[in-house]
Amino acid sequence: MEFQEEAYEQKTGYTGAKNYQSAQVVQANATGFGAASDDFMERGIDLNEQLVRNKPATFFFRVNSDAMLGAGIHIGDTLIVDRSIQARSGNVVVAVLNGEFLVRRLQVQEHSISLLPENKKYGSIQVAQLSEYSTWGVVTFVIHNL
Amino acid sequence: MQAIVDCNSFYCSCERLFQPQLQHRPVIVLSNNDGCIVSRTDEAKQLGISMAVPYFQAKDLIEKNGVTTFSSNYHLYGDLSWRVMETTRLLLPPGHVEVYSVDEAFVDLSHLPTENVYSFCLELKNKIEQWTGISVSIGAAPNKVLSKVANRLAKKNKLKTNCVVVLDTTKKIQAALQQTPVEDIWGVGFSYSEKLKVYGINTAYTLSIKDLSWGKRFLGGVVGMRLIRELKGFKSHSMQAPRTEKKMIATTRMFGRNVSEWQEIEEALATYTTRAAEKLRRQHSAATGIAVFLLKKAPIQLDAAYYNRGRQVSGYTQLDNPTQSTPDLIKAVVAIGKSLYEKGEVYKKAGVILSGFVPDSALQTNLFVAPIDTKKKKLMHVIDNMNAAYRNDVLKFGTSGTQKNWKMRSEKRSKRFTTRWDELCMVK
């Protein structure tokens with residue numbers, strides 16, 4: 001149904017940040033000569049706005065392997081995972097293979113699905129037809145401590 | 001049309017989402033204090049594990065079949081419940097979703113032409129599943145009672161129905177009612193279903209062809225009349241506005257073990273009061289009525305035919321001034337508790353119930369008593385904010401104790417994967 005697709009488009013933005021109210025804008029409220037900048041005050045930068053596009057579908061994971069080092073994903077990093085995004089070939093995804101969570105680059109070919117690492121220490125995994133596989137979500141951002 | 005969206009084995013589905021090795025395996029979740037089975041997967045159901053059965057009774061069956069068992073993890077379930085409800089709300093016009101419980105929501109589909117209802121429900125089901133990872137069943141029908149009937153059929157045969165059943169014709173409604181035993185109708189309790197069977201009414205269908213006046217006479221007056229009306233396909237229950245303000249707040253819990261020392265009971269009462277007072281302030285109310293109860297351990301009778309419940313003692317105080325301040329409430333609760341407590345007795349459970357609410361904006365003070373202290377209100381505001389920001393109750397009142405030996409058992413609780421930074425799910 002077309003009209004519904006349209007509704008999704010409009011509504012899939014980060015819903016948490018929309019709860020922000022104009023009263024929450026910080027102002028100087030100077031007692032002396034009126035702070036000219038008050039007229040230009042707006043809400044500050046909110047990381048959620050940038051990193052969480054669809055709140056009910058966004059989850060966080062902790063990385064426990066160096067398999068994706070080449071993609072800038074280190075041990076201890078936080079992954080931001082959006083389940084509402086349709087996984088495409090080339091996306092970095094959180095996948096479930098035989099009951100285990102893996103972060104890899106997804107490669108979808110006509111008759112096969114592969115999970116590619118970005119570290120020479122690891123081999124790529126061709127998902128066998130009989131194995132239990134599902135793509136859990138698409139990784140949209142990595143939070144890395146410097 | 002109306003629909004009900006109902007999560008499949010909700011608590012178990014939440015556990016499986018972060019423990020995918022449990023897919024297709026029997027899983028159960030226990031209630032508070034690991035007392036009863038409150039959620040089970042289809043696989044556990046097939047093993048003959050029933051709902052609401054005390055854990056110890058099913059323990060043999062559970063261990064023999066390697067059923068994975070969890071203590072309730074309300075942090076996780078609450079968060080995933082919000083996600084399911086929020087996704088549902090995003091896909092419907094404002095005001096069309098009535099959250100009915102942690103895992104169920106009524107949905108008003110009056111904006112859709114009947115012929116689109118099925119495809120919409122399927123779409124809604126798939127979206128919720130994709131976004132939140134929680135699978136749901138959807139039943140749609142002309143009213144709430146029939147949507148529940150439809151939902152039950154969707155759940156009963158998930159493969160065949162794809163978890164969506166729409167009753168959009170008289171014929172389909174009739175067939176569905178014929179497949180529904182009276183005890184499975186929404187709002188018909190055990191005692192009514194027994195009564196109905198005496199009158200020879202065994203299925204929802206036979207009940208639906210009764211007159212409204214019959215329902216009024218034999219099925220609890222107006223309530224019964226409404227029920228039969230809905231079974232006939234008319235609408236008697238409208239969508240309800242969210243219940244944001246409660247008229248009563250109760251915090252009652254079983255102790256993790258037998259408790260007989262006054263100090264431990266005092267700590268438990270103070271802790272429960274703290275929780276109840278937080279809820280009270282969150283809805284901007286102040287309480288005037290306070291009730292406290294203590295449940296004694298039942299004397300052990302080996303040959304008793306049924307489970308023996310201990311004796312309950314309770315007390316009530318009407319406050320002169322409405323209050324929402326935790327220390328004031330603790331003081332009153334502890335005083336009642338102390339009057340109920342008997343040395344040497346063994347207690348299993350305690351509870352605090354706040355009632356008689358007034359809005360906290362205009363605390364109506366007694367003419368002869370000093371006005372309410374706004375300082376207290378400010379203090380509680382600061383404490384609430386700090387506890388919300390830092391979690392784990394960084395600030396609490398001394399009476400609630402530090403050891404909490406009486407605390408509930410939750411030995412098999414999984415991690416709080418979605419609400420705590422230090423408990424995130426690991427990925428390799």
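FYI, side chains are in, hydrogens and waters are out, and symmetry mates aren't considered; it's all heavy atoms of this structure. Below, chains carry the letters A, B, ... as their sequence lines are ordered, and counting in each starts from 1.
In the displayed structure, A/Q50 atom CD is contacted under 6.0 Å by at most 12 heavy atoms of other residues, nucleotides or ligands. Annotation: A/N145, atom CG; neighbour count of heavy atoms from other residues, nucleotides and ligands within 6.0 Å does not exceed 12. By the neighbour-count criterion of 12 heavy atoms within 6.0 Å, atom CD of A/Q109 is densely surrounded, having more than that number from other residues, nucleotides or ligands. Within 6.0 Å of NZ in B/K45 there are 12 or fewer heavy atoms belonging to other residues, nucleotides or ligands.
Residue A/Q86 touches chain B through both its backbone and its side chain, counting heavy-atom pairs closer than 4.5 Å. Looking at A/V96, the atoms closer than 4.5 Å to chain B (heavy atoms on both sides) all sit in the side chain, from C-beta outward. For a residue to count as touching a neighbouring chain, one of its non-hydrogen atoms must lie under 4.5 Å from one of that chain's; by this rule B/E423 does not touch chain A. With a threshold of 4.5 angstrom between heavy atoms, A/I85 approaches chain B through N, CA, C or O but not through any side-chain atom. Only the side chain of B/T418 comes within less than 4.5 Å of a heavy atom of chain A; its backbone N, CA, C and O stay farther away. Looking at B/L17, both its backbone and its side chain come within 4.5 Å of chain A, counting heavy atoms on both sides. If you measure heavy-atom distances from A/T78 to chain B, the contacts under 4.5 Å come from the side chain alone.
Nearest heavy atoms, A/F101 versus B/F18: CE1-O, 3.4 Å. Considering every non-hydrogen atom in both B/W82 and A/P56, the closest pair reads CZ3-CA, 3.9 Å. Residue B/L424 comes nearest to A/R62 through the heavy atom pair CD1-NH2, 3.8 Å, listed as atom of the first residue, atom of the second, then distance. Here the closest non-hydrogen pair linking B/P20 and A/G99 is CG-O, 3.8 Å. The shortest non-hydrogen separation linking B/R83 to A/T58 is NH1-O, 2.8 Å. Scanning both residues, A/L79 and B/V427, for their nearest heavy atoms gives CD1-CG1, 3.8 Å.
Residues satisfying the ring-ring contact (aromatic ring centres under 6.0 Å, His included) criterion with A/F141, sequence neighbours excluded, are absent altogether. Evaluation of the side chain to side chain donor-acceptor pair (under 3.5 Å) rule for B/S110 yields B/D108 as partners, not counting sequence neighbours.
Remark: A/E100 engages B/K428 in a salt bridge, criterion side-chain N to carboxylate O under 4.0 Å.
Side chains of A/F60 and B/W421 form a contact here, defined as non-hydrogen atoms less than 4.5 Å apart.
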